Amino acid sequence: MRFDVLTLFPDMFTVVRDLGVTGRAHGQGKWNLQTWNPRDFTSDVHRTVDDRPYGGGPGMVMMAAPLAAAVQAAQARRAADALPTAPVILLSPTGRRFDQPRAHALAASAGALLICGRYEGVDQRFIDRYVDEELSLGDFVLSGGELAALAVVDATVRLLPGVLNDDESAVQDSFNPALSGLLDSPHYTRPEVYDGVAVPAPLLSGHHANIARWRREQSLRLTAERRPDLIELARARGWLTPQDERFLKTLLAGG
C-alpha cells in the first residue's frame with residue numbers, strides 16, 4: 001500500500017518513513033510513501049501556491065490550480081506503478097473525525113492521497129472537484145494538515161500485517177472491536193513493586209481466565225469514567241455481555 005501526500009513541507013514525513021515501527025516497515029517494503037509539493041506545479045518565479053480570499057478577511061487561501069496539478073501527477077504515477085486510483089482525503093477541521101475503524105479500512109486498501117492544507121484553507125472549487133473525503137483529528141485547529149496526516153499514516157501502517165512484532169498488539173488497542181470498542185486496560189511490567197505500589201494480584205496469578213476478566217473490568221471501568229459514550233455505543237451494538245452489565249452496575253452503585 002502507498003500513501004501519496006501533497007504537502008508544502010515534505011521533510012516532515014521523514015518521521016514516519018525513517019523512524020520507529022513505520023520506518024522499519026517502510027524499509028521492509030510493507031508500505032510506501034510518495035510526497036508531492038504543490039510548489040513544484042506552479043509556473044511563476046515565486047512558486048506561488050496561495051492568494052488573498054475573495055470577499056476579504058484575514059490570511060491567505062491555497063490556490064486550486066497547483067493542488068489540482070499535483071493530484072493529477074500523483075494519480076498518474078500511481079497508474080504507472082500499477083496502483084489503483086487513490087481516494088483523495090483532505091485533512092480539515094470540517095472533516096469527520098478520524099477513528100480506528102477508518103484506520104482499519106485504510107489498512108485494508110491500496111492507500112490514499114492525503115492533502116495537507118495550510119493558511120486559512122483551500123479553494124472550495126478544488127475540494128468540490130477532487131476531494132473524496134475530509135478527515136479531522138478532533139475539535140481543534142492546527143497550523144496545517146501535516147501533523148494530522150502523520151497521525152493518519154501512523155495509525156494505518158501499524159495495522160498492516162507484520163508491522164508490529166506481535167500482531168496481537170493491535171488487537172488489544174483501545175477502540176478495537178476485539179475490546180468492544182472500549183479503552184484498553186492498564187499495563188504493568190517489572191519490577192513487581194515500584195515506589196511502594198505492587199502489580200495488581202490478578203496479573204500475577206497465572207490464571208488466564210482471571211487475568212482476562214480483570215483486564216475486561218478495568219477496561220469497562222476506565223471507559224465508563226473517561227468515555228461513557230463508548231460504553232453506550234458498545235451497548236447499542238450488542239458488544240456488552242450480561243457479566244459486563246453487572247460489573248457496570250456495581251460502578252454506578254459505588255462498588
Side-chain angles (χ1 to χ4, degrees), residues 1-27 30-41 49-50 59-64 66-75 77-78 81 83-124 126-127 129-160 163 170 173 175:
M1 71 105 66
R2 184 168 95 192
F3 278 107
D4 289 85
V5 183
L6 270 64
T7 171
L8 297 177
F9 301 99
D11 288 347
M12 291 181 68
F13 289 85
T14 59
V15 174
V16 289
R17 188 195 66 197
D18 299 340
L19 303 177
V21 295
T22 57
R24 183 176 66 245
H26 189 274
K30 298 183 185 302
W31 73 289
N32 197 7
L33 173 72
Q34 179 73 49
T35 58
W36 304 84
N37 192 333
R39 293 194 189 280
D40 295 334
F41 298 88
V49 295
D50 62 312
M60 306 287 276
V61 175
M62 293 192 76
M63 301 165 67
L67 292 172
V71 165
Q72 292 164 6
Q75 299 286 26
R77 176 73 63 82
R78 289 181 68 92
D81 293 339
L83 290 172
T85 298
V88 178
I89 300 174
L90 174 66
L91 285 308
S92 165
T94 62
R96 79 173 183 88
R97 185 171 296 188
F98 180 67
D99 55 18
Q100 196 71 3
R102 190 68 188 95
H104 276 281
L106 282 172
S109 74
L113 203 166
L114 305 179
I115 310 293
C116 302
R118 280 271 157 180
Y119 314 117
E120 288 299 310
V122 174
D123 191 309
Q124 186 63 39
F126 169 79
I127 298 174
R129 173 66 179 81
Y130 289 97
V131 173
D132 300 304
E133 181 181 7
E134 296 183 51
L135 290 177
S136 168
L137 292 190
D139 298 339
F140 55 91
V141 179
L142 298 167
S143 299
E146 283 77 12
L147 291 176
L150 285 166
V152 169
V153 171
D154 184 276
T156 301
V157 169
R158 67 187 301 279
L159 297 175
L160 296 176
V163 169
D173 286 340
F175 316 113

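No experiment lies behind these values; they were computed from the predicted model shown. Computed from heavy atoms alone, side chains included, the values below leave out hydrogens, waters and symmetry copies.
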For [X] and [Y], indicate whether the former's side chain and the latter's backbone hold a donor-acceptor pair under 3.5 Å.
X      : Y     : result
Asn37  : Arg39 : yes
Asp132 : Val88 : yes
Arg78  : Arg2  : yes

Could you check whether any side-chain heavy atom of [X] comes within less than 4.5 Å of a side-chain heavy atom of [Y], counting everything from C-beta outward?
X      : Y      : answer
Phe3   : Val16  : no
Trp31  : Leu160 : yes
Leu90  : Phe126 : no
Gln100 : Leu159 : yes
Arg118 : Val49  : no
Leu106 : Phe98  : yes
Asp139 : Arg97  : yes
Val163 : Thr22  : no

[atom2] on [Y] to [atom1] on [X], rounded to 0.5 Å:
X      : Y      : atom1 : atom2 : result
His104 : Asp99  : NE2   : CG    : 10.0 Å
Ser92  : Leu142 : OG    : CG    : 11.0 Å
Ile115 : Leu135 : CD1   : CG    : 12.0 Å
Glu133 : Arg96  : CD    : CZ    : 5.5 Å
Arg77  : Leu83  : CZ    : CG    : 11.0 Å
Leu91  : Glu134 : CG    : CD    : 10.0 Å

Knowing that exactly one of Thr7, Ile89, Leu150, Thr35 qualifies, which makes a side-chain contact (heavy atoms from CB on, under 4.5 Å) with Leu114?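 The option that passes is Ile89.
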Do you know which two heavy atoms are closest between [X] and [Y], and how far apart they sit?
X      : Y      : value
Ala155 : Ala103 : O-CB, 4.0 Å
Val122 : Gly117 : CG2-CA, 4.2 Å
Pro66  : Pro38  : CB-O, 3.7 Å
Ala149 : Cys116 : CB-SG, 3.7 Å
Leu33  : Val5   : CD1-CG2, 3.8 Å
Ala107 : Thr156 : N-CG2, 3.5 Å

Would you please classify the geometry between the Phe41 ring and the Trp36 ring as parallel, tilted or perpendicular, with 30° and 60° separating the classes?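 Correct class here is tilted.
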Intermediate values then yes/no, side chain to side chain contact (heavy atoms under 4.5 Å, CB included), Met62 and Asp123: CA-CA 6 Å; Met62 293 192 76; Asp123 191 309; over 6 Å; no
Is there a side chain to side chain contact (heavy atoms under 4.5 Å, CB included) between Asp4 and Gln75 once you walk through the steps? CA-CA 9 Å; Asp4 289 85; Gln75 299 286 26; over 6 Å; no
Passes side chain to side chain contact (heavy atoms under 4.5 Å, CB included), Tyr119 versus Leu8? Steps please. CA-CA 11 Å; Tyr119 314 117; Leu8 297 177; 3.7 Å; yes
